[in-house]
Structures are given as C-alpha cells and as structure tokens.
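Here's the structure we're looking at; comments come further down.
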Amino acid sequence: MPTRDTLLLGQVLAFSDDPFHVPPAEAARHFTHGGVLIRDGMIVEVGDGATLRQAHPRAVIDDCGNALITAGFIDAHVHYPQTGIIASWGKQLIDWLNSYTFPEEMRFGDPAVATETARRYFDLALAHGTTSMASFCTIHPASVDAFFAEAQARGCRVVGGKTCMDRNAPPGLSDTAQSAYDDSRALIGKWHGQGRLGYAITPRFAPTSGPEQLEALGALWAEHPDCLMQTHLSEQLPEIAWVRELFPRTRDYLDVYEGFGLIGTGAMFGHAIHLEGREKARLLETGAALIHCPTSNTFIGSGLFDMAGLKSAGQIVGLATDTGGGSSFSMLRTMAAAYEIGQLRGTALHPAQLYWLATAGSARAMRMDDRIGNVRAGMEADLIALDLASTPAIAQRASRAETLWEALFPTIMMGDDRAIRATWVNGQKLAD
Ligand code: GUN
Ligand code: ZN
C-alpha cells in the first residue's frame with residue numbers, strides 16, 4: 001500500500017548557496033507561507049504552501065502555523081559516551097580527559113552502560129532538534145554496536161566509529177594497533193552502509209595512538225575510502241607541545257596524520273584552533289573538513305577558531321557540540337557560541353551563516369550534503385519546526401523583527417530545546 005503524501009505548512013527556510021561565498025541573505029530562500037511535501041521519507045517539493053496544497057489535494061496536512069521549517073541540525077563531532085559527564089568542572093583538556101573522560105569511557109566495558117547511554121543520548125539529541133551526528137564511541141566495539149543499534153531504531157542517518165587508543169590511556173581503555181584494525185574492520189563490515197548508518201575510522205588523537213596504530217588505521221581507510229575518518233587536531237597549546245615531543249620528526253601536528261594517510265576528502269578534524277600556515281594550506285589542498293566546536297572551546301579553555309579566515313580561504317567547515325567537552329546538546333547554543341567567538345575575533349557571523357553551518361555545512365563536512373542538511377526536493381526528510389517565540393525573552397525581541405534574520409537571531413542566541421516544536425526523521429514525525 002503506497003503511503004499518502006504529507007504536506008507540512010509553515011514558514012520555510014532553505015539554502016541555495018553557501019552564505020560565506022555569496023551575500024548571506026542571498027544564499028537562502030524564505031517562504032513566509034511555505035510548504036514541504038514529503039513522500040516515502042523524501043522531500044519531493046518545496047514552495048508556496050497554498051500552491052502545493054492545491055496541487056496535492058490528497059496530501060495529509062500538518063500545519064505548523066508560524067513555526068519555521070528547516071533542515072534538522074547536524075552535529076558533526078560529538079562523543080555520545082560522554083553524555084553523563086557534560087558540565088564537569090574546572091579542568092583543561094589533558095586533565096579533563098584523565099579526570100572525567102577516561103573513567104567514564106571505561107564504564108563502557110559493560111555493554112548495558114553503552115545501551116542505556118546511547119538511548120539517553122538519542123533522546124537528548126532529538127529533543128534538541130539534532131537529527132544526524134558524527135559520534136566518537138569508546139574503544140569497546142559494543143559501544144559502537146549500541147550507538148548504531150539505537151540510531152537504526154530511530155531511523156537516523158548517523159556516522160560513528162570505535163575510538164582507538166594504544167598509548168597514554170589507562171590500561172582498561174587501551175587497544176593495540178592490530179586489535180584497533182581488526183575491530184574497526186569488523187565494525188565496518190557489520191554497520192557501514194546498513195540503511196542510514198556510516199562508519200568513521202576513529203583514532204582519538206595523535207597523543208593516544210602510536211605510529212603503528214596510525215599506520216594500521218591509515219591502511220584501513222585506504223581499503224575503505226567510502227568511510228569517513230574523524231579525529232582531533234590542534235585543540236590546546238599543551239596538547240600541541242606534547243605531540244611535538246611524541247613525534248619529533250614531523251613538521252607540525254597535521255603532519256602526524258598526513259604521514260599515515262589520515263588526511264583527504266572525508267577526513268574530519270575536530271577543533272583545529274591553533275593551525276600553522278602549512279597545515280591550513282594542506283587541509284585546503286586535500287579537501288579535508290574542520291569541525292568547529294565552540295561551546296567546547298570556551299568551556300575547556302582551548303581558544304578561538306578562525307571561522308572567517310578559514311571559510312574565506314575556501315576551507316570546508318562543519319559545526320558541532322563536542323559533548324561532553326561541549327557544554328550543551330543544543331546546536332542553537334552552539335551557533336550562539338560560534339557567534340560570540342566570531343565577535344571576539346572581530347567578525348559578526350550572519351544568522352544565515354550560523355544556521356547554514358549547523359545544517360548544510362555540517363552535512364558537507366560529512367560528505368552527505370546530497371542527502372541531508374537542506375530543504376530541497378530529492379533530500380531526505382529530516383526536518384524541524386522551530387518556534388521563533390519559545391520563551392518570553394525571545395518572543396518580546398522577535399516581535400519587533402522586520403526580516404527573517406532579525407526574527408531568527410534571538411532564537412539562535414537565546415534558544416534551546418524549548419524552541420523545537422516538532423521533528424521529522426526520514427519523513428516520520430516524532431512523538432512529542
Ligand atoms: N581530544 C582527545 N579526546 C578528546 C575528547 O574526548 N574531547 C575533546 N574535546 N578533545 C579531545
Ligand atoms: Zn571531541
């Protein structure tokens with residue numbers, strides 16, 4: 001039995017271009033009384049609501065009133081196992097990892113912990129309007145199984161990978177070059193390309209992977225080039241100094257990854273705050289993506305990412321929470337932090353740029369911009385309806401707005417999960 005079409009009615013925001021490359025307001029299309037027609041999990045038409053209604057009289061109507069229908073948020077770098085330690089006080093990166101992160105990730109030796117945390121994480125992500133993400137798991141293969149099983153049950157398009165570490169990690173949280181290769185390979189066979197699931201080969205970062213492990217993972221990526229690769233790069237200055245000690249013969253931090261084939265299109269480097277000129281040039285040349293994690297960068301005290309400089313050079317950049325290093329599950333809070341970091345560097349990012357980063361930009365970084373991250377015919381129907389007056393403080397500011405951007409910006413700066421009025425994953429509306 002064919003399912004009936006669904007027609008969502010409301011304001012609609014879609015992007016036709018990258019707002020860092022064309023004047024921001026010209027990169028977006030805004031329908032004040034728009035419609036999005038959904039069939040079998042896909043967006044089939046976007047346009048004027050009344051016109052679509054007339055053309056599809058049998059479609060089931062879902063009227064979102066004055067809410068803004070957009071693509072669901074895409075969190076391009078998150079650690080689902082760190083859900084329970086979000087907002088842990090007082091440490092910078094290396095101490096934070098040793099004090100909070102590693103003990104928590106150790107608990108994932110128990111598959112029941114992984115299953116329960118994955119469920120809690122997806123509940124939170126979806127409540128915040130995040131319909132896709134790229135997540136680190138722990139070194140335990142069962143943590144990857146739990147993540148993918150939960151994503152599959154929810155119908156989400158996600159990327160995940162076993163986090164590999166064979167040195168400078170506690171014994172209970174270490175693998176080897178061989179077991180990292182074998183386990184990752186088996187997980188690729190089990191999950192990669194199953195429905196909406198994709199695998200990312202995941203060395204945690206240079207300090208916790210020895211040369212042999214990095215080489216093994218580089219070889220694995222060469223064998224599976226359609227997988228993504230995710231890791232961390234140049235987040236804090238003491239970390240960079242440590243990498244220089246551990247790999248004294250490399251030119252810079254990126255060179256460690258480069259030397260083992262861990263660079264190129266499909267590579268996603270989290271943070272990338274303190275980059276040298278050579279690193280920026282190589283990242284650009286090879287088509288690798290950088291993932292900006294602004295709430296994490298302020299929370300852990302890492303530094304100020306150069307969004308304006310990198311984007312104007314043509315660098316691919318996605319946006320992410322990096323929870324639990326990040327201090328919020330909300331991509332709205334994340335956009336607000338990106339705005340504030342931009343201001344501290346002297347550039348006020350336009351609301352169109354912020355929203356693009358949280359949707360189409362992250363999709364591009366994950367090599368999925370032909371499927372998710374925008375409201376366009378032929379895309380998968382992962383959508384949210386955003387309430388632009390979700391709190392009294394936001395409502396009183398938005399009520400004075402004369403343009404969409406003025407109406408949206410208070411929600412970007414002050415909004416959270418209360419602004420998410422409805423969410424659709426693969427065309428299915430989630431229960432409230
Ligand atoms: N660098 C290596 N591991 C991590 C992590 O879990 N979080 C953050 N923010 N940085 C890292
Ligand atoms: Zn991270």
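The first residue of the sequence shown is numbered 1, and numbering continues consecutively from there. Computed from heavy atoms alone, side chains included, the values below leave out hydrogens, waters and symmetry copies. Start at 1 and go down the list; that is how both ligands and their atoms are numbered. All values reported here derive from a predicted model rather than from experimental measurement.
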Seminar exercise, completed: Between His79 and the options Asp322, Thr138, Thr163, Thr323, the side-chain hydrogen bond (donor to acceptor under 3.5 Å, both in side chains) test singles out Asp322
Exercise. When you measure from the Zn ion (ligand 2) to each N, O or S atom of Asp322, which atom gives the shortest distance?
Worked result: OD1
Exercise. Among His232, Gln230, Glu105, which one satisfies side-chain hydrogen bond (donor to acceptor under 3.5 Å, both in side chains) with Arg204?
Worked result: Glu105
Exercise. Is the shortest N/O to N/O distance between Glu105 and ligand 1 below 3.5 Å?
Worked result: no
For this session: Please state whether Gln82 comes within less than 4.0 angstrom of ligand 1, counting heavy atoms only.
Result: yes
Exercise. Looking at the rings of Tyr355 and Phe73, which for Trp means the six-membered one, are their centres under 6.0 Å apart?
Worked result: yes
For this session: Fit a plane to each ring of Phe205 and Trp242, take the angle between them on a 0 to 90° scale, and name the class: parallel (under 30°), tilted (30 to 60°) or perpendicular (over 60°).
Result: perpendicular
Problem set entry | Atoms in ligand 1 with a heavy atom of His79 nearer than 4.0 Å | 5 (C), 6 (O), 7 (N)
Problem set entry | Name of the His232 atom (N/O/S only) found closest to the Zn ion (ligand 2) | NE2
Exercise. With a 4.0 Å heavy-atom cut-off (strictly under), which part of Trp96 contacts ligand 1: side chain, backbone, both or neither?
Worked result: side chain
Problem set entry | Under 4.0 Å to a heavy atom of Phe205 - the qualifying atoms of ligand 1, by number | 1 (N), 2 (C)
Exercise. With a cut-off of 4.0 Å, which atoms of ligand 1 are near a heavy atom of Arg204?
Worked result: 2 (C), 3 (N), 4 (C), 5 (C), 6 (O)
For this session: Scan side-chain atoms only and decide if Asp17 and Trp356 contain a donor-acceptor pair under the 3.5 Å cut-off.
Result: no
Exercise. What distance separates His292 NE2 from His77 NE2, expressed to the nearest 0.5 Å?
Worked result: 12.5 Å
Exercise. Can any side-chain N or O of Asp75 pair as donor or acceptor with the backbone N or O of Ala320 at less than 3.5 Å?
Worked result: no
Exercise. Is there any N or O on Asp322 that sits under 3.5 Å from an N or O of ligand 1?
Worked result: yes
For this session: Answer yes if the ring centres of His350 and Phe20 are under 6.0 angstrom apart, and no otherwise.
Result: no
Exercise. Has His77 got an N, O or S atom lying less than 2.8 Å from the Zn ion (ligand 2)?
Worked result: yes
Exercise. Looking only at distance, does Glu235 have an N or O less than 3.5 Å from an N or O of ligand 1?
Worked result: yes
Exercise. Closer than 2.8 Å to the Zn ion (ligand 2), do we get an N, O or S atom from His271, backbone or side chain?
Worked result: no
For this session: Starting at CG of Asn297, measure out to OG of Ser327 and round the result to the nearest 0.5 Å.
Result: 10.5 Å
Exercise. For Phe136, is the nearest heavy atom under 4.0 Å from an atom of ligand 1?
Worked result: no
Problem set entry | Mode of His271 contact toward ligand 1 - side chain, backbone, both, neither (heavy atoms, under 4.0 Å) | side chain
